[in-house]
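What you see below is based on every heavy atom in this structure, not just the backbone, and it leaves out hydrogens, waters and symmetry mates. So you know, we letter chains A, B, ... as the sequences are listed, proteins then strands, and number each from 1.
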2 protein chains.
Amino acid sequence: MATHAKNFRLIHSLGDQHIGLEARAQADDHLDTKVWLRLLACSTQIEQQVRQMLRTRFATSLPRFDYLAQLDRHPDGLRMNVLSRYLMVTGGNVTGLTDQLVKEGLVERIEDPEDRRSWRVALTDKGRTEFAVMAAEHERWLIDLFKGLPAASKDALYEHLGHLRVHLVQRQAELDAGAQEMHMTQSKRGK
Amino acid sequence: MATHAKNFRLIHSLGDQHIGLEARAQADDHLDTKVWLRLLACSTQIEQQVRQMLRTRFATSLPRFDYLAQLDRHPDGLRMNVLSRYLMVTGGNVTGLTDQLVKEGLVERIEDPEDRRSWRVALTDKGRTEFAVMAAEHERWLIDLFKGLPAASKDALYEHLGHLRVHLVQRQAELDAGAQEMHMTQSKRGK
DNA sequence: ATTAAATCGTTGACTTGTAAAGTAATTGAG
DNA sequence: CTCAATTACTTTACAAGTCAACGATTTAAT
């Protein structure tokens, strides 16, 4: 059957040198590099599928979905500042997304009485309702995507990605601290 | 010391509900969703750092680096078609990147005598030389980034991400086959 | 109390990505 | 052989991200 033949060719190709972004990882690459490329390949592939589904099913995008998801966790709203850190994007980007979502009536900007520079963004009722629908379906997509992967693999991935996450946050903090240190010594040099 | 205090706060916050994109994963989310969000968070975080380094050290970007990396693996060049699949981006995007890299003299378009629709792109000598420098440093960054993560975690990640990758390719093939099937039955409906 | 520095959100110029439509060349069914 | 479908790349319009510079406000050092 055609289906089977195609599957076979694709699966078999995993034994070869070419599997997308990972192609550049070969025997001569360091393990760290190989882990990173494999991580990136998995992430990109899932991302593409989720993006596609959000577009076709809800005429929306992953960044918008992530934005709403963060606000959904914070019924009192978030300062744009904080939101940009959670989303791991720059402030300018959050400004743009906020403009869109406000225009669509899913989100509102609320003045912060304590700091007049600052805005707080929060879901509107409409935003909360629409997000709930999308989130439910989003979860079904993922369950379907992972269906057939052994539970042990999922557990192991969850576990070890957790370690990696902690490690990365630590490294980031070390870097930030180093930059901070450098900045301070530079400031005091004039004394 | 300020450094220590800052580190402590950041690391400690991992026990709380907020660690970036992963914030939206909580107890009520399905394991599959949590694995995905954690994967995405790790991937994004590493990506940001690599992007930053490529920019400050080499005034270039991750997409350009990935593009050159693919060509470096293929001394005879690649059809743009194939390259876009390896990079997991659309053809239009490859056209744009190619234009840039050709203008910068890192890459050349070569006519394909067998198919006049088609181009083959390959590294120039300059491109090959410059890429070698970047690739070496890129690897050092990653080694540094992963330094301190237990080797066992790296191995486990590499292993399990491999399973995930195979699984995703299979699922994708099933989807494609399904779409193909549907397309065929539609075509034959007129018979 | 003054003022320098840091912070908050916005803006603008630019890059990178997508989707959809277009052009040109190739393939294949009848 | 012919013509319809497919394929390869390009183009266009737009979404989403970056960085750097800016005005307004707050913080903090003197």
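By the rule that hydrophobic residues join a cluster once side-chain heavy atoms approach within less than 4.5 Å of another member, Met53(B) and Ile143(B) end up as members of separate clusters.
At the heavy-atom level, Gln48(A) lies under 4.0 Å from the strands shown only through sugar-phosphate atoms. Using a 4.0 Å heavy-atom cutoff across all strands shown, Asn93(B) reaches at least one base atom of the nucleic acid. Gly96(B) comes within 4.0 angstrom of nothing in the nucleic acid, heavy atoms only. Within the nucleic acid shown, Arg51(B) has no heavy atom closer than 4.0 Å to any nucleic acid atom.
Closest approach of Asp144(B) to Arg171(A), counting heavy atoms only: O-NH2, 2.5 Å.
For Asp76(B) and Arg120(B), the salt-bridge test fails: no basic side-chain N is under 4.0 Å from an acidic carboxylate O. A salt bridge links Glu104(A) and Arg64(A); the closest N-O separation between the charged side-chain nitrogens and carboxylate oxygens is under 4.0 Å. In summary, Arg109(B) and Asp99(B) engage in a salt bridge, as defined by a charged side-chain N under 4.0 Å from a carboxylate O. Lys147(A) has no carboxylate O lying under 4.0 Å from a charged side-chain N of Asp32(B), or vice versa, which leaves the two without a salt bridge.
Using a 30° and 60° split on the angle between ring planes, His160(A) and His160(B) fall in the parallel class, below 30°.
Residue Thr90(B) has no polar side-chain atom (N or O) positioned under 4.0 Å from OP1 or OP2 of dG17(C). Contact between the side-chain N/O atoms of Arg55(A) and the OP1/OP2 oxygens of dT18(C) is not found at any separation under 4.0 Å. In terms of phosphate contacts, Ser61(A) brings a side-chain nitrogen or oxygen within less than 4.0 Å of OP1 or OP2 of dA16(D). At least one side-chain nitrogen or oxygen of Gln52(A) sits closer than 4.0 Å to the OP1 or OP2 atom of dA19(C).
Of the candidate nucleotides dG17(D), dC8(C), dT16(C), dT16(C) has the atom nearest to the side chain of Leu97(B). Closest approach to the Gln100(A) side chain among dG9(C), dG17(D), dA16(D) is made by dA16(D) (side chain taken as heavy atoms from C-beta onward).
Protein atom CZ of Arg64(A) is 17 Å distant from nucleotide atom P of dT18(C), rounded to whole Å. Summarising the geometry, the separation between CZ on Arg79(B) and C1' on dT26(C) is reported as 11 Å, rounded to the nearest angstrom. Across the protein-nucleic acid pair, Met53(A) atom CE and dT18(C) atom P stand 17 Å apart, rounded to whole Å. Atom CG of Leu83(B) and atom C1' of dT10(D) are 15 Å apart (whole Å). As a whole-Å value, the separation of Met88(B) CE from dT16(C) P is 18 Å. Rounded to whole Å, the distance from CG on Leu62(A) to C1' on dT16(C) is 16 Å. Rounded to whole Å, atom C1' of dT7(D) lies 11 Å from atom CZ of Arg85(B). Straight-line distance from the CG atom of Asn81(A) to the P atom of dT27(D): 13 Å, rounded to whole Å.
Residues Pro63(A) and Gly91(B) each lie close to DNA chain D; by heavy-atom proximity, the contact nearer the 5' end of the strand is made by Gly91(B).
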Criterion side chain to side chain contact (heavy atoms under 4.5 Å, CB included) on Asp112(B) and Trp119(B), from CA distance to verdict: CA-CA 6 Å; Asp112(B) 181 341; Trp119(B) 292 96; over 6 Å; no

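For residues 104-120 of chain B, proximity to DNA chain D is found at Arg109(B), Arg117(B), Ser118(B), Trp119(B), defined as any non-hydrogen atom under 4.0 angstrom from a strand atom.
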